[in-house]
Amino acid sequence: MKTNEIMETTSKYVMNTYGRLPVALVKGKGTKVWDAEGKEYLDFISGLAVNSLGHSHPRVVKAIWRQADTLMHVSNLYHIEPQGQLAKLLVENSSADKVFFCNSGAEANEAAIKLTRKYAKQNLGKDKYEIITAKQSFHGRTLATITATGQEKFQQGYDPLPEGFKYVPFNDLEALKKAIGPQTCAVMLEPVQGEGGVYPASKEYLKGVKDLCQQQNLLLIFDEVQCGLGRTGEFLASQLYQVEPDITTLAKALGNGFPIGAMMAKEDVAVFKPGDHATTFGGNPLASTAALATMQVMLDEGVINNAREMGRYFKDKLNSLAEKHSQIKEIRGAGLMIGVELETEGQSIVNYCREQGLLINCVGSSILRFLPPLTVKEKEIDTAIDILDKAMGG
Ligand SMILES: *Cc1c(COP(=O)(O)O)cnc(C)c1O
């Protein structure tokens with residue numbers, strides 16, 4: 001099908017929840033994707049931080065093929081070999097001890113919220129249920145996770161919302177201290193905020209939050225759905241900050257495009273018992289196998305080192321660009337999670353880049369977001385910089 005036909009069908013039959021761009025991508029390999037007309041693009045958004053090993057990584061593709069031909073799903077009524085192997089690998093590479101698998105970031109956060117409430121009622125007191133989150137945060141689109149999200153635009157029209165959430169400005173330890181009340185049981189943060197505009201926490205802030213949580217007997221939850229799994233140049237952002245949370249949530253890059261999420265916790269916090277929480281698909285043989293292959297490649301093949309080095313390279317190039325173009329106000333981020341805040345609106349730059357064969361997106365109205373695959377090469381970054389340079393007037 002041609003792009004027009006594809007667009008006609010999706011517009012007619014698919015709910016209009018995204019302001020979709022007039023592009024239909026039909027094929028991908030590494031950092032490149034192609035549309036229905038065969039036009040080639042450099043993908044610097046990676047399906048929203050999902051395709052971290054690039055598109056159709058051969059080891060992941062092969063693992064999926066084999067597993068699909070063997071056993072796709074059986075439910076969690078039974079023990080699942082690749083699920084156990086995946087959990088082991090995540091535990092061995094984090095400060096967590098136990099993992100719960102689900103199918104998305106929102107579900108991982110929903111599980112984290114439920115685990116937190118269960119733990120708090122059992123261990124901290126009957127009236128402990130409140131979770132403090134940050135303004136400009138993003139935690140998902142279920143009712144509980146839009147409520148955890150500190151942005152009103154995601155909540156409008158969906159009330160009544162669940163109780164028990166409070167918001168504080170990000171990177172402001174004093175505000176957090178003041179917000180803690182008798183019902184507070186946890187603090188939930190993205191170490192690097194993604195959808196809110198690519199804002200990294202400062203090291204002092206996250207360390208201060210951890211100390212505060214320890215003093216006040218609060219759980220610390222890190223939402224690493226976007227910033228986790230190599231994106232910041234460390235396996236987890238918590239390792240970049242050297243702060244150990246009690247609960248961590250993961251999703252986006254976990255299956256390199258195969259939908260899977262995870263919520264992991266330290267042993268003493270992992271209080272779920274049989275029947276307390278569940279999902280039919282969570283960690284099924286196919287999803288677990290895809291994620292296991294993805295994580296093995298990420299950890300064995302120098303992918304995270306590449307993310308760190310290419311992140312530095314990309315930022316240097318962007319800084320040079322900023323010297324030339326005064327419309328660049330700020331460059332921020334960690335590793336290959338980079339935001340470029342403009343003095344002007346960003347969508348026309350995004351559109352120009354797309355016409356020139358570079359896919360990026362814009363968060364807020366003026367923040368360009370770059371999330372290339374962690375396997376991106378210098379040459380590809382050079383090409384992206386050339387296109388950006390032209391987009392800003394050459
Ligand atoms: C994308 C995202 C989510 C939601 O993940 P879904 O898979 O879309 O449900 C939650 N938290 C953060 C930080 C995210 O970036």
Side-chain angles (χ1 to χ4, degrees), residues 15 17-20 45-52 100-116 131-151 153-155 158 165 167 170-171 186-201 206 220-232 236-238 240-241 245 247-264 279 281-283 287 290-291 294 332-339 360-364 367 369-372 374:
M15 282 203 199
T17 57
Y18 278 82
R20 291 184 175 82
I45 198 70
S46 309
L48 295 167
V50 168
N51 306 104
S52 281
F100 171 83
F101 290 107
C102 52
N103 315 287
S104 70
E107 268 183 80
N109 286 331
E110 188 83 26
I113 293 164
K114 285 178 73 178
L115 181 67
T116 297
I131 300 175
I132 300 178
T133 70
K135 291 186 177 158
Q136 294 305 118
S137 60
F138 183 80
H139 298 297
R141 299 294 203 131
T142 63
L143 277 173
T145 57
I146 58 168
T147 313
T149 294
Q151 301 188 60
K153 66 176 180 190
F154 294 112
Q155 302 169 349
Y158 295 116
F165 295 91
Y167 317 101
F170 193 52
N171 272 333
V187 177
M188 179 170 179
L189 296 170
E190 295 158 86
V192 184
Q193 292 189 330
E195 304 303 310
V198 193
Y199 291 100
L206 276 201
L220 180 58
I221 308 165
F222 277 175
D223 177 347
E224 295 218 25
V225 168
Q226 186 164 156
C227 66
L229 305 176
R231 184 53 58 189
T232 64
L236 296 174
S238 58
L240 179 72
Y241 285 94
I247 299 176
T248 302
T249 55
L250 302 170
K252 291 193 163 90
L254 188 53
N256 205 49
F258 200 98
I260 178 168
M263 184 274 291
M264 44 192 204
T279 159
F281 290 129
T294 303
R332 54 179 184 255
L336 283 172
M337 184 170 177
I338 299 176
I360 57 173
N361 92 329
C362 185
V363 283
I367 301 156
R369 181 170 52 166
F370 300 87
L371 298 163
L374 307 183

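Both ligands and their constituent atoms are indexed starting at 1 by order of listing. Computed from heavy atoms alone, side chains included, the values below leave out hydrogens, waters and symmetry copies.
- Under the 4.0 Å criterion applied to side-chain N and carboxylate O atoms, Glu224 and Arg231 are not assigned as salt-bridge partners.
- In terms of polar-atom proximity, defined here as any N/O pair under 3.5 Å, Val225 makes no such contact with ligand 1.
- The closest side-chain donor-acceptor pair between Asn109 and Thr249 falls under 3.5 angstrom.
- For ligand 1 and Asp223, the ligand atoms under 4.0 Å from any heavy atom of the residue are 10 (C), 11 (N), 12 (C), 13 (C).
- Interface of Gln226 with ligand 1, defined as ligand atoms under 4.0 Å from a residue heavy atom, comprises 15 (O).
- Looking at Glu195 and Gln226, their side chains do bring a donor and an acceptor atom within 3.5 Å of each other.
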Practice prompt. May I have the step-by-step check of side chain to side chain donor-acceptor pair (under 3.5 Å) for Asn103 and Thr279, ending in yes or no?
Written response: CA-CA 8 Å; Asn103 315 287; Thr279 159; 3.2 Å; yes
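- Only the side chain of Asn109 comes within 4.0 Å of ligand 1, counting heavy atoms alone; its backbone N, CA, C and O stay farther away.
- Of the options Gly228, Ala106, Ser104, the smallest heavy-atom separation from atom 4 (C) of ligand 1 is shown by Ala106.
- The protein reaches atom 15 (O) of ligand 1 closely, with a heavy atom under 4.0 angstrom from it.
- The main-chain N or O of Ala201 is found under 3.5 Å from a side-chain atom of Tyr241 such that the two form a donor-acceptor pair.
- With a 6.0 Å cutoff to the six-membered ring centre and a 45° limit on the axis angle, Arg332 counts as a cation-pi contact of Tyr199.
- Given atom 5 (O) of ligand 1, the protein heavy atom at minimum distance is Gly105 CA, 3.2 Å.
- Distances from atom 13 (C) of ligand 1 to the heavy atoms of Glu190, Lys252, Glu195 show the closest one on Glu190.
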